[in-house]
Structures are given as structure tokens and as C-alpha cells.
Amino acid sequence: MPGLLLGDAFPDFEAETTNGKIKFHEFLGDSWGILFSHPKDYTPVCTTELGRIARLRSEFSKRNIKIIALSIDTLEDHHGWTKDILAYNCEESACCSLPFSIIADSKRELAVALGMLDPDEKDKDGLPLTARCVFIIGPDKRLKLSLLYPATTGRNFDEILRVVDSLQLTAGKRVATPADWRPGDCVMVPPNMSEEEAASLFPAGIYTKDLPSGKKYLRYTHQQ
Ligand code: BEZ
């Protein structure tokens, strides 16, 4: 069964979270959203990840992103684990609660429905754990990006903010971002845009790289 594909409408599930019951689309409202899944509560890599997300709260809110996490344990476990996450990651004065909710999925219903299980990582009973999924959902409730990491590899949150910047830029402007792009760097003119259209859309100018093929597809312009 294929998992969620780019452009798919993201399922409007209901879930119990550390801050009460939610309906996912209602929770998202008009914002962008990121759903982070985690293999298990009281695990070391996840503890570092959730702490990092908490410390990045202002970066996410600046980008109008609602964050939600999921782990395949109970609410009781989530509340107990939250104290560890805060103690490990935050200065006492800086945060006394996580700035996002954690979904309780102890029966793995959502993990199965959203294709998030990692068959190579099992718990002590031999049941698969959740992979480290990153689902980025646009204000239109469609999947804009998904990243899938195995349980043994923690995520790079600088990269997640970087891809959000690219997604949000390219959602509003007909440009593409090159390898390792950072906000403020030059952007690329998409290959399906004619030279005439590009000249009128980017009056600040376009730089076209000469290539052995003679084809004029490597076109840069300033980020506006
Ligand atoms: C962790 O979060 O530390 C972890 C979870 C499952 C397998 C390996 C590591």
C-alpha cells in the first residue's frame, strides 16, 4: 500500500494528545503544520529531538507553523517523559512545558494509517516502532514534503527550517531553490518558464550559465 504522496490531502484524523483531543485539520487552522513521529517514549535520540523542537519554538511560530509530535505510547507515558525532556533540554527559567502537543498512539492506529512504522526497529515484544517521519502540510491541508528517517538517526532541524523556507518561498513565487540554498541566496528560474516570461517576471535580471550543451536552463535570479 503506498503511503502518503506529495500533493495528497492529509488525513483529518482525531487523536488524544497531551493537551486534549484534537481534530487535525481544525488544529492546523490556516497555518502550515509539521507532524514529527517518534519511535518510543523514554528513548535518548527522541529526547534530544523534542528538546530541540522546543528550543526552536520561535523559529516555527515566525514561519506560521503548528507543530505536533506523535509517539506510540500512552498519555501517561508522554506526561512522564515530558518532564525528562524539559529537564534535559531546557534551562529551568526558559520553559516549564513543551510548546507543542504529543499524540498518544499506543495502539499504533495512526502509525499504520499514515505509513509510519519502521519494520527494522522493534520493541521488546517484537512490535515495530515508528520511524522518524517529518510531514510538512500546507495551509491547503496537502502534503508538501515528507522525510523518513530510521529510528537510529536523529533529524537535522536546521535542514527542516531550511526546507520550510524553500517551501514557503516557492509556494508564493515561481522560483526553485538550488542545492544547499539558504534564504537570501539567489534562486533559480524554473525550467518550464519561457525566456520572455522570465524577463517580465524578474526585471532585476537573470544570469544564465553557459553550458557545453548550449542549452539555457541554468538560470539564476535574485530572491525578491
Ligand atoms: C531513540 O530514540 O533513542 C531510539 C529509539 C529507537 C531505536 C533506537 C533509538
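Read the numbers this way: they start at 1 and go in the same order the structure lists the ligands and their atoms. In what follows, every heavy atom counts, from backbone to side chain, and hydrogens, waters and symmetry copies are set aside.
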(request) To the nearest 0.5 Å, tell me how far Phe60 CZ sits from Ile160 CD1. (result)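 Separation between the atoms: 6.5 Å.
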Side chains of residues 103-111: which donor-acceptor pairs under 3.5 Å do they make with residues two or more places apart or in other chains?
unit_1, atom_1, unit_2, atom_2, d
Asp105, OD1, Glu109, N, 3.0
Asp105, OD1, Leu110, N, 3.0
Asp105, OD2, Leu110, N, 3.3
Asp105, OD2, Ala111, N, 2.8
Arg108, NE, Pro128, O, 2.9
Arg108, NH2, Asp123, OD2, 3.2
Arg108, NH2, Pro128, O, 3.1

(request) Scan for side-chain hydrogen bond (donor to acceptor under 3.5 Å, both in side chains) pairs involving residues 132-147, sequence neighbours excluded, and state none if there are none. (result)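 Of all non-adjacent pairs touching residues 132-147, those that pass side-chain hydrogen bond (donor to acceptor under 3.5 Å, both in side chains) are Glu49-Arg132, Asp140-Lys144.
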(message) If only side-chain N and O atoms count, and only distance matters, is there a donor-acceptor pair under 3.5 Å linking Trp81 with Thr43?
(response)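 Trp81 and Thr43 do not have a side-chain donor-acceptor pair below 3.5 Å.
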(message) Restricting to side-chain contact (heavy atoms from CB on, under 4.5 Å), what partner residues turn up for Glu195, sequence neighbours left out?
(response)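 Listed in chain order: Lys216, Arg219.
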(message) What does the 4.0 Å heavy-atom contact list look like for ligand 1?
(response)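 Near ligand 1, by chain and number: Pro39, Thr43, Pro44, Val45, Cys46, Glu121, Leu129, Arg132, Ala151.
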(message) Salt bridge check, Arg52 against Asp158: does any charged N sit closer than 4.0 Å to a carboxylate O?
(response)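 Arg52 and Asp158: salt-bridged.
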